[in-house]
Amino acid sequence: MSAIGHLLGPIFIQRALLAGTAIALVSGLVGHFVILRAQVFAADALSHVAFTGAVAALAAGVDLRFGLFAATIAVGLLLGVLGGRSGPGSDDATTGVVFAWILGLGVFFLAYFTAHSSSGNGAAGVRVLFGSVFGLSAATVVLAVVVALAVVLALAIIARPLLFASLDPAVAAARGVPVRWLGTGFLALVGVTAAEASQAVGALLLFALVAAPPAAAQRLTSRPWPAFALSGGLAVVAIWLGVGASYAWDRLPPSFSITAVASLELLVATAWSLTGHRRAGQRRLTPSAGDSDRRSPRCG
Amino acid sequence: MTSHLSWNLVYDYRELLSFHFMLNAMRAGTIVAVVSGVAGYFMVLRRQAFAGHTLSVVGFPGAAGAFWLGANAAFGFYGFCVLAALIFATLPGAGRSAGRVGNQEPAVIGTVQGLALASGFLFLNLSHGFAGELNDLLFGVIIGVTDGQVIALLVSGVVCLLVLAAVARPLLFTSVDADVAAARGLHPRLLSAIYLVVLGVSVAATSQITGSLLVFALLVAPAATAVRLTARPALGVLLSVLIALAVTWLGEGIAFFSPYPIGFWVTTFAFLAFLLATGYHWAAARVRVPAAVTA
């Protein structure tokens with residue numbers, strides 16, 4: 001233990017890596033379905049809700065994590081119930097209006113907390129928004145790992161029907177898959193993930209882990225299950241490389257380096273798939289008659 | 001500087017405008033509300049709320065970077081927002097409505113958003129200016145608007161409105177039905193690019209006043225409210241502008257007399273307007289449906 005501990009650096013780095021791995025795994029796996037279901041905007045909304053929940057808990061004087069999880073799960077369920085009727089990503093304006101207001105509420109709580117607490121100087125708000133993976137307590141690490149295991153387990157249980165319901169909701173419903181319940185439950189899981197990730201990279205940078213690694217994975221393979229696993233793996237890699245980079249250069253905030261690595265993954269994957277795609281296209285050039293016909297229904 | 005609200009509203013109004021900074025804030029708010037009302041209407045119609053939100057967030061690293069380098073924050077806002085708009089315009093699937101299953105565009109936009117916010121955080125870290133600047137950039141200040149800024153806002157606002165007026169009809173067409181518009185010889189991708197750049201400029205202008213996190217409220221809420229009240233585009237744009245103006249003036253006025261920031265008031269009033277419109281929409285549908293059934 002001590003040898004490994006020495007290898008991994010001081011205790012705050014070990015905690016960052018342990019909690020970060022759990023958080024990244026969850027974000028990558030959940031993110032795979034977020035991208036598939038075109039619910040990135042809902043995840044965006046939930047990440048802002050995490051901010052409001054956390055500062056509301058601070059203003060009320062209760063545990064910050066309680067506010068985080070309560071707010072994100074509640075809004076996740078609400079989005080699921082409201083939006084489930086007409087399919088994923090249906091009314092983005094409603095989502096936008098609701099979360100813009102929730103963010104305004106967050107500003108109110110932040111101002112209230114800053115005015116009414118002796119030590120408040122806005123730093124707490126900064127920590128919620130941008131995370132502090134190097135400042136995690138042992139209890140936070142344990143909570144992060146436990147929650148991550150629970151979410152991965154729940155996702156593993158619903159993964160197959162959820163994939164079916166994501167790719168073809170109508171047929172899935174006809175085959176008896178409870179499409180609406182799955183969608184609502186999934187958004188609650190996204191809420192938990194947003195709360196979880198906001199402790200590591202901050203509420204605002206959630207996208208680094210929920211959007212970039214899954215999108216990169218889906219560019220590398222079109223088969224859903226390998227992409228699912230790869231997405232979790234790429235997110236974990238982003239955390240490890242990001243934490244390492246910030247440990248090496250202490251002027252880089254870890255939230256930035258994690259986000260930068262994740263974005264780089266997407267960039268490299270896009271470049272790889274573009275060159276691969278072009279080669280495939282050249283090979284397909286000879287029987288090109290059906291090519292444009294095949295593409296039009298997907299775009300239109 | 002703390003003023004108290006008396007029940008004599010005329011007196012309150014005079015006191016409000018007796019401060020030059022407040023007069024400037026009102027002028028700036030008026031320009032911003034008009035531009036956001038118009039640009040936001042198309043954003044809601046084109047279902048580009050996510051792109052709009054990301055553009056509004058992208059101003060933050062621009063301003064933070066300018067702050068770090070000691071440059072004028074306005075350059076950062078405009079530069080980054082327009083750059084991001086151009087990036088979005090080149091994405092496959094741009095010019096078509098988002099929210100389709102399997103569309104990869106939102107994932108890229110989300111990544112840009114995450115990276116933008118993280119870069120903003122990095123720039124502020126590097127410049128050692130901290131919580132104060134951060135909160136101002138994210139949540140806005142109304143006491144810092146200078147005369148020069150008001151003029152710059154006016155210029156960029158007028159340019160945005162002129163461009164939107166020039167492309168309004170074809171843009172409306174492609175927003176409603178991109179495929180038919182393309183078949184009729186319009187260029188949905190080009191129009192989408194023009195629109196995104198205009199949106200980027202107007203968002204950059206707005207976020208200097210309201211802060212990066214709250215521009216979006218002014219873009220989306222009045223427009224979404226207007227869409228619920230009428231299906232006619234011209235009336236919808238007008239309503240959207242009027243609601244944005246009312247919300248901004250009310251928010252600025254009350255923020256002046258209260259200890260809480262402008263962002264909270266503006267978003268709250270905007271949300272209230274949206275709730276009222278949604279209630280009206282719902283009630284109108286309930287009343288109309290039985291009548292249609294009996295007839």
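In what follows, chains are A, B, ... by sequence order, proteins preceding strands, each numbered from 1.
- If you measure heavy-atom distances from A/Phe109 to chain B, you find no contacts under 4.5 Å at all.
- At a threshold of 4.5 Å between non-hydrogen side-chain atoms, the residues A/Val190 and A/Gln39 do not count as touching.
- Heavy-atom distances place no part of A/Ile102 under 4.5 Å from chain B, backbone and side chain included.
- Neither the backbone nor the side chain of A/Thr95 has a heavy atom closer than 4.5 Å to any heavy atom of chain B.
- Proximity to chain B (any heavy atom under 4.5 Å) is shown, for A/Val98, by both the backbone and the side chain.
- Note: B/Leu115 leads B/Val44, B/Leu275, B/Leu115 in heavy-atom pairs under 4.5 Å with chain A.
- Residue A/Leu266 touches chain B through its side chain alone, counting heavy-atom pairs closer than 4.5 Å.
- Considering only heavy atoms from C-beta on, B/Met43 comes within 4.5 Å of B/Phe216 through its side chain.
- Interface residue B/Ala221: backbone and side-chain heavy atoms are both found under 4.5 Å from chain A.
- B/Val237 is not listed as a side-chain neighbour of B/Pro233, based on a closest heavy-atom distance of 4.5 Å or more.
- Per-residue heavy-atom pair counts under 4.5 Å with chain A were compared for B/Ser119, B/Ala116, B/Ala270, B/Gly40, and the maximum is reached by B/Ser119.
- Contact count against chain A (heavy-atom pairs under 4.5 Å) is highest for B/Leu122 among B/Val227, B/Val220, B/Leu122, B/Thr111.
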